[in-house]
**Q** 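One structure is given below, represented as structure tokens, and several questions about it will come after.
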Amino acid sequence: MRNLLTDRGYTLVDAVIQLAVLLLFSQLILFYAVWFTQVEKHFFQSVSLEWEMFSLEMEKILFSVTVIEEQVNQTGIRLKKDGVEYDIECYPSLIRKQKNRLGHEPLLTGVKMCKFQVDGDQVIAKVEFLNGRKEERAYEVFISLQ
């Protein structure tokens with residue numbers, strides 16, 4: 001087999017070929033990075049996942065409630081369930097849950113503004129997130145007669 005290494009050294013042609021290959025691969029890496037951010041934006045939005053998890057938690061909380069009332073200025077709701085009093089209220093940058101007016105359990109973070117309205121057997125939650133996205137959902141309240 002012929003010896004590929006010569007004593008001529010590193011040539012300008014070798015450098016240009018290697019630079020061209022490097023530029024081609026860097027364009028592919030850039031393309032995949034832009035594509036992945038678009039995929040991540042559409043399929044893995046953490047705000048929408050957090051909102052859905054919050055909604056599931058609210059449905060669980062509002063099941064088998066004995067008393068429910070709206071707090072002043074629609075900043076939250078107070079409810080009794082199994083002899084325990086719960087407060088779901090807006091707090092700076094989050095929505096929290098308190099049990100017997102003690103503790104601080106965050107339910108939803110990244111909140112700019114929120115409102116809760118009690119309308120008969122429904123609770124309507126309106127939330128605006130820090131990124132400007134707005135969500136609104138009505139939850140059925142299942143009142144037990146205990």
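All figures in this text were calculated on a predicted structure; none of them were measured in a lab.
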**Q** Mind checking the CG-CG spacing from Leu79 to Asp87? Nearest 0.5 Å is all I need.
**A**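 Between Leu79 CG and Asp87 CG, I get 8.0 Å after rounding to 0.5 Å.
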**Q** Which label fits Tyr32 and Trp35: parallel for a plane angle under 30°, tilted from 30 to 60°, or perpendicular past 60°?
**A**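 Judged by the thresholds at 30° and 60°, the geometry between Tyr32 and Trp35 is perpendicular.
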**Q** Mind checking what makes side chain to side chain donor-acceptor pair (under 3.5 Å) contact with Gln18, not counting sequence neighbours?
**A**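 Side chain to side chain donor-acceptor pair (under 3.5 Å) check on Gln18 returns Tyr10.
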**Q** Answer yes if Leu56 and Ile95 sit in the same cluster of Ile, Leu, Val, Met, Phe, Trp and Tyr residues linked by side chain heavy atoms under 4.5 Å apart, and no otherwise.
**A**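 No, Leu56 does not connect to Ile95 through the hydrophobic network.
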**Q** Hey, could you give me the CG/CD distance between Asn73 and Glu89, rounded to the nearest 0.5 Å?
**A**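 Interatomic distance, Asn73 CG to Glu89 CD, rounded to 0.5 Å: 12.5 Å.
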**Q** Restricting to non-hydrogen atoms, name the atom on Asn131 and the atom on Arg133 that form the minimum distance, rounded to 0.1 Å.
**A**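 Where Asn131 meets Arg133 most closely, the heavy atoms are OD1-N, 3.1 Å.
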**Q** Determine the minimum heavy-atom distance between Lys81 and Phe63, stating which atoms define it.
**A**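 That closest heavy-atom pairing would be CE-O, 3.2 Å.
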**Q** I need the Ser26 OG to Leu19 CG distance, nearest 0.5 Å.
**A**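 Separation between the atoms: 9.0 Å.
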**Q** Quick one: CD1 on Ile68 to CD1 on Ile143, what's the gap to the nearest 0.5 Å?
**A**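 Between atom CD1 of Ile68 and atom CD1 of Ile143 there are 7.0 Å.
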**Q** Between Lys134 and Lys126, is the side chain to side chain contact (heavy atoms under 4.5 Å, CB included) condition met? List the steps.
**A** CA-CA 7 Å; Lys134 295 180 181 180; Lys126 297 177 183 178; over 6 Å; no
**Q** Roughly how far, to the nearest 0.5 Å, is the CD atom of Gln27 from the CG atom of Leu30?
**A**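 Leu30 CG to Gln27 CD: 6.0 Å, rounded to 0.5 Å.
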**Q** Kindly list each side-chain donor-acceptor pair under 3.5 angstrom involving residues 104-123, sequence neighbours excluded, with atom names and distances?
**A**
unit_1 : atom_1 : unit_2 : atom_2 : d
His104 : ND1    : Arg96  : NH1    : 3.0
Gln122 : NE2    : Glu140 : OE2    : 3.0

**Q** Counting N and O atoms only, with roles assigned by atom type, does the side chain of Gln98 sit under 3.5 Å from a partner on the main chain of Gly103, one being a donor and the other an acceptor?
**A**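 Checking the backbone N and O of Gly103 against the side chain of Gln98, a donor-acceptor pair under 3.5 Å is found.
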**Q** Going only through I, L, V, M, F, W and Y residues with side-chain contacts under 4.5 Å, is there a path from Tyr91 to Trp51?
**A**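 They do not share one cluster, since no chain of ILVMFWY contacts under 4.5 Å joins Tyr91 to Trp51.
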**Q** Does Asn100 have more than 12 heavy atoms from other residues, nucleotides or ligands lying within 6.0 Å of its CG?
**A**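 Yes, the 6.0 Å shell around CG holds more than 12 heavy atoms from other groups.
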**Q** When clusters are formed by joining ILVMFWY residues with side-chain heavy atoms under 4.5 Å apart, either directly or through shared neighbours, do Val141 and Val84 land in the same one?
**A**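 Yes, Val141 and Val84 fall within the same hydrophobic cluster.
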**Q** Measure the shortest side-chain to side-chain distance between Met58 and Ile77 over non-hydrogen atoms and say whether it is less than 4.5 angstrom.
**A**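 Counting from C-beta outward, Met58 and Ile77 do come under 4.5 Å.
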**Q** How far apart are the closest heavy atoms of Ser55 and Arg137, and which atoms are they?
**A**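 Closest heavy-atom pair between Ser55 and Arg137: OG-NH1, 2.9 Å.
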**Q** To the nearest 0.5 Å, what is the distance between CZ (Phe142) and CD (Glu59)?
**A**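 Taking CZ in Phe142 and CD in Glu59, the distance rounds to 8.5 Å.
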**Q** Of all heavy-atom pairs between Lys80 and Val65, which one has the smallest distance, and what is that distance?
**A**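 In this case the closest contact between Lys80 and Val65 is O-CG1, 3.4 Å.
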**Q** Hey, quick one: are Leu94 and Val127 part of the same hydrophobic cluster, counting side-chain heavy atoms closer than 4.5 Å, chains of contacts allowed?
**A**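 They do not share one cluster, since no chain of ILVMFWY contacts under 4.5 Å joins Leu94 to Val127.
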